[in-house]
**Q** 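The structure's right below; bear with me while I get my questions together.
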Amino acid sequence: MALNQSDLTRIALDITSGLANRDRFSRLLDTIRQNLHCDAAALLSYHGEYFSPLAIKGLHDDVLGRRFVLNEHPRLEAVARAGDIVRFPADSDLDDPYDGLIPNQGDELKVHACIGLPLFANERLIGAITIDSFNPKRFDQFSDFELRSLSAIAAVSLNNALMMEKLEQRAIKDQSNNAAVSSLNEHNQDSEMIGQSQLMRNLLQEIAVVAHSDLNVLITGETGTGKELVARSIHQKSRRAEQPLIYLNCAALPESVAESELFGHVKGAFTGAISHRSGKFEMADKGTLFLDEIGELPLALQAKLLRVLQYGDIQKIGDDRSLQVDVRIIAATNKDLKTEVIEGRFRPDLYHRLSVFPVQVPSLREREGDITLLSGFFIERYRQKLGLKHLKLAPSSLVLLNHYVWPGNVRELDHAIHRAAIIAQAHSGEGLCTIKPQHFELSGATTDAQQSTHITNSSAMKVIKGLSLKQAVDEFQSDYIKQVLDENNNNWAATARYLKLDPGNLHRLAKRLELKG
């Protein structure tokens, strides 16, 4: 059935109602799926070199965390360059970015219908909608005019949301009476902070507030939470963004050379000083100095650092002259500096100078839902680095990652996925590479596929309350069979052996549960 004017009007009313952006985007995709009868849909925002998903339907949850670089994904590149709707032939030889990422698709890359709708505002590309169906003829009934109308409505919704976000950032800037807000399209993928949990939204709000001031910032948090990323984000959003951000790891600083590293020295100041050298403060003049692991700084240097913060001048070793500098300090530590002060290992006056605006970075285990997004982000990163066409997480692997406590936080998750991707690649042939639970080595966590599947279904039982017993049993059986089928690479015979069922009985059960046609 084609889209008529009343359908388009209803879609416009649905997505312009008073909802938060994420809810509005989700409703948009729900409406598209209902009207176009597609198996999967995604709303993407455009960032010059890559697309990032804002909302998805019918795709694995970790897709939300992925960043699709255009030169790695020819279909998305074609959508970005086309200037109009793109209908990909069912037999297109261009790799599909979602192959293997649609539930129940399995590892077989199926022929299907695919359309890309670029979204424009003032003739500028701001995003795209992709729609996919396993039925190669699913979208034949919809005219280009109807799809362009849908694209125009979606573009208005997305542009309004981006404008609201820009106005909110402008309000924060105005309250701080400082530098202009960066363009929404000026994203750096390497420094992007991934997460949609409430704790991450709070953190991003704090960063936005403090960035446009010139206050010193003390960033605290466990090892691996991303404190350096927070420091970089504060600098990039500040009025000093065009000036240098200088990094110094205080823990890796031998006490014998620490003063020279910070303040510099002149030729002949000490044995080995064969030339003049600028210190980190001089290098960071007019910019920002990031002092990582500040809790490890020796007490003698703490006193000299305090003087710089108080008076804004430095003195190189061996030089009687003072040099005035304008440097913003961002410090980070995984220690409790209040305890360090009480126990005499950190100067209280320096602590108060540094902690004018404290920022606490939450641990990964506290960030509900963010493990899935981060997993998708890292999966796409290592797909590119390893030169793989397709890389995905088995559902049971994602469950395993979400149930692990992550003592090393985001850094540990990054390394775990990188290692698992390498192992999965070594065990896979051509085509889709799937990371399974046995590819991970997590301290204290089970990596057995069967136990992981059991965890998945234990969790699933919590969300089927309110159904009749028969409905609950059917849903449990359906979910369990789909997960075991995925673990066995969509092989029904192997699935039957795993479930200890006669193959004929399994096929009949799958048909009754509508898992097979």
**Q** If I take atom CD1 from residue Ile330 and atom CZ from residue Arg232, how far apart are they, to the nearest 0.5 angstrom?
**A**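 Atom-to-atom, Ile330:CD1 and Arg232:CZ are 11.5 Å apart.
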**Q** Where the side chain of Arg33 meets the backbone of Ala40, is there a donor-acceptor pair that is under 3.5 Å apart?
**A**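 Pair absent, no side-chain N/O of Arg33 close to backbone of Ala40.
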**Q** Checking Gln236 against Ser233: is there a side-chain donor and acceptor pair closer than 3.5 Å?
**A**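 On atom types as modelled, these side chains do not qualify, holding no pair under 3.5 Å.
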**Q** Got a second to check how far Asn202's CG is from Gln360's CD, nearest 0.5 Å?
**A**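 Separation between the atoms: 12.0 Å.
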**Q** Return yes if some donor-acceptor pair links the side-chain N/O of Arg383 with the main-chain N/O of His390 below 3.5 Å, else return no.
**A**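 Checked: no pair found.
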**Q** Just checking, any donor-acceptor pair under 3.5 angstrom between side chains of Asp96 and His112?
**A**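 Distance-only check passes for Asp96 and His112.
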**Q** Just checking, is any N or O donor in the side chain of Thr225 or Asn409 under 3.5 Å from an acceptor N or O on the other one?
**A**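 Judged by distance alone, the side chains do not pair up.
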**Q** Taking the side chain from Asp414 and the backbone from Val410, do they hold a donor-acceptor pair closer than 3.5 Å?
**A**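 No: the side chain of Asp414 does not pair with the backbone of Val410.
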**Q** So, are Asp39 and Arg138 salt-bridged, with charged N and O less than 4.0 Å apart?
**A**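 A salt bridge is absent here (no side-chain N lies under 4.0 Å from a carboxylate O).
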**Q** Step through the shown structure and confirm whether more than 12 heavy atoms of other residues, nucleotides or ligands are within 6.0 Å of CD on Glu49.
**A**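 No, the 6.0 Å shell around CD holds no more than 12 heavy atoms from other groups.
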**Q** Would you tell me whether Gln198 and Arg201 have side-chain atoms, one donor and one acceptor, within less than 3.5 Å of each other?
**A**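 Checked: Gln198/Arg201 side chains pair up, N/O donor to acceptor below 3.5 Å.
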**Q** Check whether His212 reaches the backbone of Lys237 with its side chain - one donor and one acceptor, N or O, closer than 3.5 Å.
**A**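 Side chain of His212 to backbone of Lys237: a pair is present.
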**Q** Parallel, tilted or perpendicular: which describes the rings of Trp406 and Tyr404, with under 30° parallel and over 60° perpendicular?
**A**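 Taking Tyr404 first and then Trp406, their aromatic rings stand perpendicular (interplane angle over 60°).
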**Q** Between the side chains of Ser52 and Ser45, does any donor sit under 3.5 Å from an acceptor?
**A**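 Ser52 vs Ser45: donor-acceptor pair found between side chains.
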**Q** For the side chain of Arg81 and the backbone of Leu76, is there at least one donor-acceptor N/O pair under 3.5 Å apart?
**A**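 Not a single qualifying donor-acceptor pair exists.
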**Q** Would you say Thr220 and Asn334 are linked by a side-chain donor-acceptor pair, where the criterion is simply a distance under 3.5 Å?
**A**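 Note: Asn334 and Thr220 side chains miss the donor-acceptor criterion.
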**Q** Please check this pair: side chain of Lys227 against backbone of Glu222, looking for a donor-acceptor N/O pair closer than 3.5 Å.
**A**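 A pair under 3.5 Å: yes.
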**Q** Look only at the side chain of Lys392 and the backbone of Cys433, and say whether a donor-acceptor pair between them is shorter than 3.5 Å.
**A**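 Not confirmed, Lys392 side chain does not pair with Cys433 backbone.
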**Q** Checking Ser375 against Asp62: is there a side-chain donor and acceptor pair closer than 3.5 Å?
**A**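 No, because no side-chain N or O of Asp62 sits under 3.5 Å from a partner of the opposite role on Ser375.
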**Q** Indicate whether any N or O donor in one side chain lies under 3.5 Å from an N or O acceptor in the other, for His73 and Gln384.
**A**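 The answer is no; no qualifying pair exists.
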**Q** Quick one: sort the Phe68 and Tyr98 rings into parallel, tilted or perpendicular, breaks at 30° and 60°.
**A**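 Ring orientation, 0 to 90° scale: perpendicular.
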**Q** Are there more than 12 heavy atoms of other residues, nucleotides or ligands under 6.0 Å from atom CD of Glu242?
**A**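 It does not: Glu242 CD has 12 such atoms or fewer within range.
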